[in-house]
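Worksheet for the structure shown next.
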Amino acid sequence: MLDAIRVTLPDGSVREFPRGVELRAVAEAFNGDLGRRAIAALVNGAGKDIYLPLQADATIEFVTPESPRALEIYRHTTSHLLAHAVKELFPEVKIGVGPATDEGFFYDFERPTPFTPEDLETIEARMRDIKARDLPIRRIEQPKSQALGYFRGLGDNLKVELVAEKGGEVVSCYRQDNFMDFCTGPHLPSTGRIGAFKLLSLAGAYWKGSEQNQQMQRIYGTAFATEEQLAAHLAMLEEAKKRDHRRLGPALDLFSVEETAGPGLIFWHPNGTVVRQILEDFWKDEHRRRGYQLVTTPHIARDELWRLSGHLDYYKDNMYTFEIEEAGYVIKPMNCPGHSLIYKSRLRSYRELPVRYAELGTVYRYERSGVLHGMMRVRGFTQDDAHIYCTPEQVLSEIEGVLDLCLAFLRTFGYERYEVDLSVWDPAHPEKYAGDAAGWQMAEDALTRALRDRALTYTRREGEAAFYGPKIDIKMFDAIGRPWQGPTVQFDFNLPQRLSIHYVASDSSQKPVVMVHRAIYGSLERFFGGLIEHYAGAFPLWLAPVQAIVLPITDRTAAYAREIQTLLRGQGLRCEVDERNEKIGAKIREAQLKKIPFMLVAGDREAQARTVAVRSRKEGDLGPMGLEAARDRLTRLDRERALEP
RNA sequence: GCUGGCGUAGCUCAGCGGGUAGAGCAGCUGAUUUGUAAUCAGCCGGUCGGGGGUUCAAAUCCCUUCGCCAGCUCCA
């Protein structure tokens with residue numbers, strides 16, 4: 001065939017086509033069904049529309065509704081559908097940007113008066129209408145000037161701004177009927193191919209993400225290839241809400257936030273405090289074993305300290321300050337200056353490095369009201385903070401030690417889903433950072449090497465370092481998938497300089513220490529909130545506020561039940577007795593709702609045989625068991641910190 | 001802080017084109033002595049988030065303030 005091109009499919013099959021053949025014809029030729037089902041294609045790995053005329057040999061993978069890439073295309077095209085509907089209903093609205101996201105899509109609009117929830121219904125109805133029209137969606141490549149003219153004509157000045165910023169002379173747009181958007185694609189072949197969708201919420205969002213700019217009206221929605229997938233997603237969201245620590249915390253009597261006391265301040269109830277103290281004890285043991293020294297520092301200090309540390313300059317807006325006898329004081333927002341004062345209280349020889357000071361230090365920070373969130377983002381919290389003061393030679397092994405400690409904790413609590421970020425400086429602007437290039441390089445090398453040695457996959461974030469040093473952050477996820485920073489390891493080139501933190505080297509010269517901040521839980525509040533969601537409130541036995549509850553069938557066996565309680569308490573187990581005048585079914589139901597790991601039923605039969613009928617929260621009735629056997633079973637689960645049952 | 005939404009009993013919710021608050025669960029009291037996810041009956045319980053206004057009359061309409069929810073921004 002003259003002027004033919006060769007197309008290779010992922011399965012290795014090859015065919016020739018005339019140059020300029022449209023991708024949909026290629027799909028059709030390989031397989032009629034594929035031709036009907038293909039929504040887009042990956043040409044040499046790049047996403048393309050099904051209408052693309054092919055000009056050269058290529059490897060092509062067709063995207064069908066089931067393909068991993070399909071969801072993004074469905075969502076992106078649905079966001080265009082949203083903008084199209086809004087333009088039809090409200091021609092005066094200026095359109096911004098509308099990408100697909102991990103959860104769905106959104107589109108930002110500029111409009112003098114905000115949309116209302118009723119508008120959303122109207123818009124969604126119009127979207128269905130446009131979908132039903134089955135309009136072809138075609139890519140248009142045109143000179144930039146032409147696109148600019150088009151959007152100018154519509155008064156879409158935000159699009160004009162976006163197109164003008166785009167490099168190159170030719171820009172791509174997508175048109176469906178009389179609606180055209182500036183976009184790189186790819187898109188579905190027509191509006192009729194759009195799947196199931198639903199508009200979900202309305203929010204403000206700053207234009208181009210800057211607080212300095214005007215606020216847009218953002219409409220969020222989600223979309224899937226099929227109605228079933230959409231329904232499953234919505235059901236999953238409902239299910240996830242049941243794990244929300246803000247619902248479970250008060251329901252299980254773990255903690256509360258009291259309006260009288262103020263937002264962002266956590267009251268730990270007895271049940272929550274049991275868990276907290278286990279977390280604290282575990283943490284202290286693990287840290288002592290690893291050569292940390294525990295310290296305690298005051299909650300307030302003269303502002304002189306915070307002036308020296310630099311916090312008063314760059315962290316003032318987040319600090320609570322007050323006066324005593326005309327002297328300014330600060331409620332500590334961080335523990336590092338305090339730890340550094342202990343270090344500096346006398347000369348330190350290189351022989352005693354590394355010094356590792358650890359403290360469960362309670363800090364208070366003013367957080368803007370809109371960012372507060374249950375236990376995850378609060379104004380008063382306890383950091384499991386530690387600061388390591390060491391020599392440059394010790395840095396690598398210290399970082400490795402911290403990372404291993406993090407991983408050990410994550411494993412203990414059964415966390416398998418987390419993401420690791422390595423934040424480094426922006427080499428183009430060294431003036432924005434404390435310390436010198438050599439120090440930053442040394443620090444980055446140590447962090448990178450420690451990550452690689454542990455085969456951790458991580459995302460390198462250029463320019464995301466704090467001004468005082470590079471860092472590793474581990475992000476954990478809440479019930480509905482929002483990320484929260486957990487463990488962190490951060491170098492600090494600022495404080496040693498500002499507070500003159502040195503050690504005496506072997507040549508008796510004074511050398512600046514390398515300082516590392518690190519936290520494993522991050523904050524006890526946030527970690528606990530995360531744990532509640534992670535376990536959906538059903539704590540493993542070693543953490544459960546009540547580990548077992550004895551349920552006498554009648555008051556004839558109440559004394560026997562108390563005897564069992566005494567036996568378990570003798571082993572340090574947290575055991576209660578439900579002596580209420582209720583039927584056993586009711587007692588079980590309540591214990592189950594309280595998510596108590598084990599129920600020990602004690603009726604006449606058990607009292608007679610000196611046994612107990614064990615019921616597990618997870619597995620139900622396990623049958624009768626000797627008292628010692630039951631006790632030993634629970635004790636073992638407790639000691640081993642077992643995650644199940 | 002910004003945009004939008006929501007605040008009714010301890011909890012979940014009804015009532016809201018204005019006409020002096022209602023259910024279930026929980027709690028309390030009594031009866032029942034019970035075998036693996038709710039025994040029955042009675043009783044108690046509300047400044048309708050707070051303040052101001054409109055009105056003869058406000059949970060209901062308006063303003064304001066506090067809190068909560070979603071998102072944005074922020075989280076050196």
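Order of the sequence lines sets the chain letters (A, B, ...), proteins ahead of strands, with each chain counted from 1. Because the structure is predicted, anything quoted here is derived from the model rather than measured. The figures that follow rest on heavy atoms only: side chains count, while hydrogens, waters and symmetry mates do not.
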Could you tell me the separation between the CG atom of A:L248 and the C1' atom of B:rC11, rounded to a whole number of Å? 14 Å

Between P on B:rA38 and CE on A:M599, what's the gap in Å once rounded to a whole number? 13 Å

Along [range], 5' to 3', which nucleotides get a B, which get an S, and which get a -, given that the test is a protein heavy-atom distance under 4.0 Å?
range                        : answer
nucleotides 63-74 of chain B : ---BSSSSBBBB
nucleotides 25-31 of chain B : -------
nucleotides 40-46 of chain B : -------

Output all residues satisfying salt bridge (Lys or Arg N to Asp or Glu O under 4.0 Å) with A:R218, sequence neighbours left out; order by chain, then residue number. A:D108

Results of salt bridge (Lys or Arg N to Asp or Glu O under 4.0 Å) for A:D421 - residues two or more places apart only: A:R461, A:K475

Which part of the nucleic acid, if any, lies within reach of A:D604 when heavy atoms closer than 4.0 Å are counted: base, sugar-phosphate only, or nothing? base

Going by modelled atom types, is there a donor-acceptor pair between the base of B:rU33 and the side chain of A:R556 at under 3.5 Å? no

Among B:rU39, B:rU33, B:rU36, the one nearest any side-chain atom of A:A586 is B:rU39

Picking from B:rU3, B:rU36, B:rG35, the nucleotide nearest the side-chain atoms of A:E606 would be B:rG35

Can you tell me the base-pairing partner of B:rC6? Count Watson-Crick or G-U wobble geometry only, both distances below 3.5 Å, and say none if there is no partner. B:rG67

Partner of B:rC72 by Watson-Crick or G-U wobble geometry, both contacts under 3.5 Å, or none? B:rG1

In whole angstrom, give me the gap between the C1' atoms of B:rA21 and B:rC40. 28 Å

Give me the distance, rounded to whole Å, that separates B:rG19 from B:rU55 when you measure between the C1' atoms they each carry. 12 Å

Cation-pi check, A:R379 to A:Y364: give yes when NZ or CZ is under 6.0 Å from the six-membered ring centre and within 45° of the ring axis, no otherwise. no

Just jot down the side chain to side chain donor-acceptor pair (under 3.5 Å) partners of A:Y357, sequence neighbours excluded, or say none. A:R348

